[in-house]
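Here the structure is a predicted model, which is why all the values come from computation and not from measurement.
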Amino acid sequence: MSSTRGRQIGLLLGVNVLWLPLSMLFNSLQSLVLPAFVLHLVPPAQKATMLGLLLFVGLAAGALVQPFVGAYSDRITVSPGSRWARWGRRQPLILVGLLLTLAFLAGFAFAGNLLLLGLAYLGINVGAGVAQAGTQGLMPDLVPTTQRGSASGLKGLLELSGSLVGFALAGALIKKGQSLGVLLAIGVLLVLGMLITFALVREGRRAALLASAAAPEMPVVVVGPASTLAQQAARERESLPLTASPPSGRSVFVRVLVSRFLFLFGVYGIGHFLLYYMGDRLHLTNAAAATGGLLATLTLVTALVALGGGILSDRVGRLPVIWAAGILSAAGAVLLIPASSLLTIFLGGAVMGVGSGLFASSNWALTADLTPKGTGGRHFGLLALATSGAAAVAGLLGPLVDAVGYNALVLAATLAFGLSVVVLPRAAAMAASIEVASAS
């Protein structure tokens, strides 16, 4: 392997490695650890409502933090030669955010009542939101356009691997009454992920090398999705009447964000209450262990699909992959309505997992394509707002579950998956926006 190739792989790993422990944190905390804590603190008839309220408040706070912190990091200017130059503008946010997250994780572990538990969960989401805002700005800053599909596929693989480890570990430890061990493992992996990120990325050094390039940057020759869409855009523009005006890049980006919100609303709507669904639908005495094992298996499926989905989106375009993701996920959700055994739940979840894997990599890469240079913090902060906002709003389905049951929850998720495809813009509009972003 050449040294250049090795540096490219190191960069792709460095900008993505922190997603593994962050994913482990969010997914195991939301789907297993927090629901298990809530069960010990509230009456069973109010469990979904209270869990949903905690999820909404905590995740909404984390969602609102990210676009503001991301936009702030876009405006940070680091003077060459200063003692802060080697840190860059994203890495300090990662450090501060993870320190806050670790502090509130300790508070979560020892919370003795619902109020303290809620405050600790709120703090975890705010701290992790700051760290995410820094992390998600690294890829558009440092990764070339032609490698973003592969980078997004690797991100999806690492994120889903973190979910897999988190689900398996949390399910096993909660079964043994050792919930604190889950939080300790998450804290250790967060620190390790941060150290690997700093060692491989070296943001300040890479930024200085890019800034010192003497020749002006040539227009990017984009392959894969941009060229595929651009060809269609050219054909469609020829047939447009002279009075027609192409949609703005902002409107296209908003549609992509809305699509992401709807898709993840469906995912989180089912995921938040899966532990309760498993326990009530299958009458399990230890639903946490069964749910953790199921989620770990489904996440493995999703992770494998995500890696291939990113590569596929580089070749055939982002939109076809996202369309397939929405259709498959809706079909998988429908299978959960009549499910009455672990096998039927697994089958529905597996189809949803394939859809989620395709969506995870292709949507992230598409957002990177639409992001003009130097604005990664703001644009990916808005992407994170859609992500965490979907998770937060999905928590409001808790009262629906307590009042009506789980079939209404699954139907809401199915509708969201379908709408996530409908709201996407036409290929021509997408191509025009990608071309503008690439030239910016």
- Query: Do Ile337 and Leu411 come within less than 4.5 Å of each other through their side chains, counting heavy atoms only?
  - Reply: yes
- Message: Under the ring-ring contact (aromatic ring centres under 6.0 Å, His included) definition, can you give me all pairs with a residue in residues 18-55, not counting sequence neighbours?
- Response: Trp19-Trp364, Phe37-Phe108
- Message: I need the full list of salt bridge (charged side-chain N to carboxylate O under 4.0 Å, His left out) pairs touching residues 36-58, with sequence neighbours left out, sorted by first then second residue.
- Response: Lys47-Asp280
- Query: Residues two or more places apart in sequence or in another chain: which of them pass ring-ring contact (aromatic ring centres under 6.0 Å, His included) with Tyr276?
  - Reply: none
- side-chain hydrogen bond (donor to acceptor under 3.5 Å, both in side chains) with Ser341: which residues, sequence neighbours excluded? Thr344
- Query: Does Arg255 use its side chain to pair, donor to acceptor, with the backbone of Val423 at less than 3.5 Å?
  - Reply: yes
- For the pair Tyr268 and Val393, evaluate side-chain contact (heavy atoms from CB on, under 4.5 Å) and give the outcome as yes or no after the intermediate values. CA-CA 9 Å; Tyr268 287 120; Val393 175; over 6 Å; no
- Task: Apply side-chain hydrogen bond (donor to acceptor under 3.5 Å, both in side chains) to Asn363 and list each qualifying residue two or more places apart in sequence or on a separate chain.
- Result: Arg260
- Please name the pair of heavy atoms, one in Ala333 and one in Val410, separated by the smallest distance, quoted to 0.1 Å. O-CG1, 3.0 Å
- Item | Results of side chain to side chain contact (heavy atoms under 4.5 Å, CB included) for Ser31 - residues two or more places apart only | Phe167, Leu295
- So do the side chains of Leu41 and Asn113 get within less than 4.5 Å of each other, counting heavy atoms only? no
- Residues pairing under side chain to side chain donor-acceptor pair (under 3.5 Å) where one sits in residues 161-170, two or more places apart or in two chains, turn out to be Ser23-Ser163, Asn27-Ser163
- Look only at the side chain of Thr101 and the backbone of Ala128, and say whether a donor-acceptor pair between them is shorter than 3.5 Å. yes
- Can you tell if the side chain of Phe68 reaches within under 4.5 Å of the side chain of Val130, non-hydrogen atoms only? no
- Item | Contacts of Thr49 that satisfy side-chain hydrogen bond (donor to acceptor under 3.5 Å, both in side chains) - sequence neighbours left out | Asp402
- Leu119: side chain to side chain contact (heavy atoms under 4.5 Å, CB included) partners, not counting sequence neighbours: Leu115
- So do the side chains of Leu180 and Leu184 get within less than 4.5 Å of each other, counting heavy atoms only? no
- Item | Listed partners of Tyr277 passing ring-ring contact (aromatic ring centres under 6.0 Å, His included), at least two apart | Tyr406
- Under a 4.5 Å cut-off applied to non-hydrogen side-chain atoms, are Val17 and Leu200 in contact? no
- Message: Can you give me the closest heavy-atom contact between Ser420 and Gly326, atom names plus distance?
- Response: OG-CA, 4.3 Å
- Item | pair Val191-Leu98: side-chain heavy atoms closer than 4.5 Å | no
- Message: I'd like to check the side-chain hydrogen bond (donor to acceptor under 3.5 Å, both in side chains) partners of Gln30; sequence neighbours left out, ordered by chain and number.
- Response: none
- Message: Using the ring-ring contact (aromatic ring centres under 6.0 Å, His included) criterion, which residues pair with Phe359? Sequence neighbours excluded.
- Response: Phe263
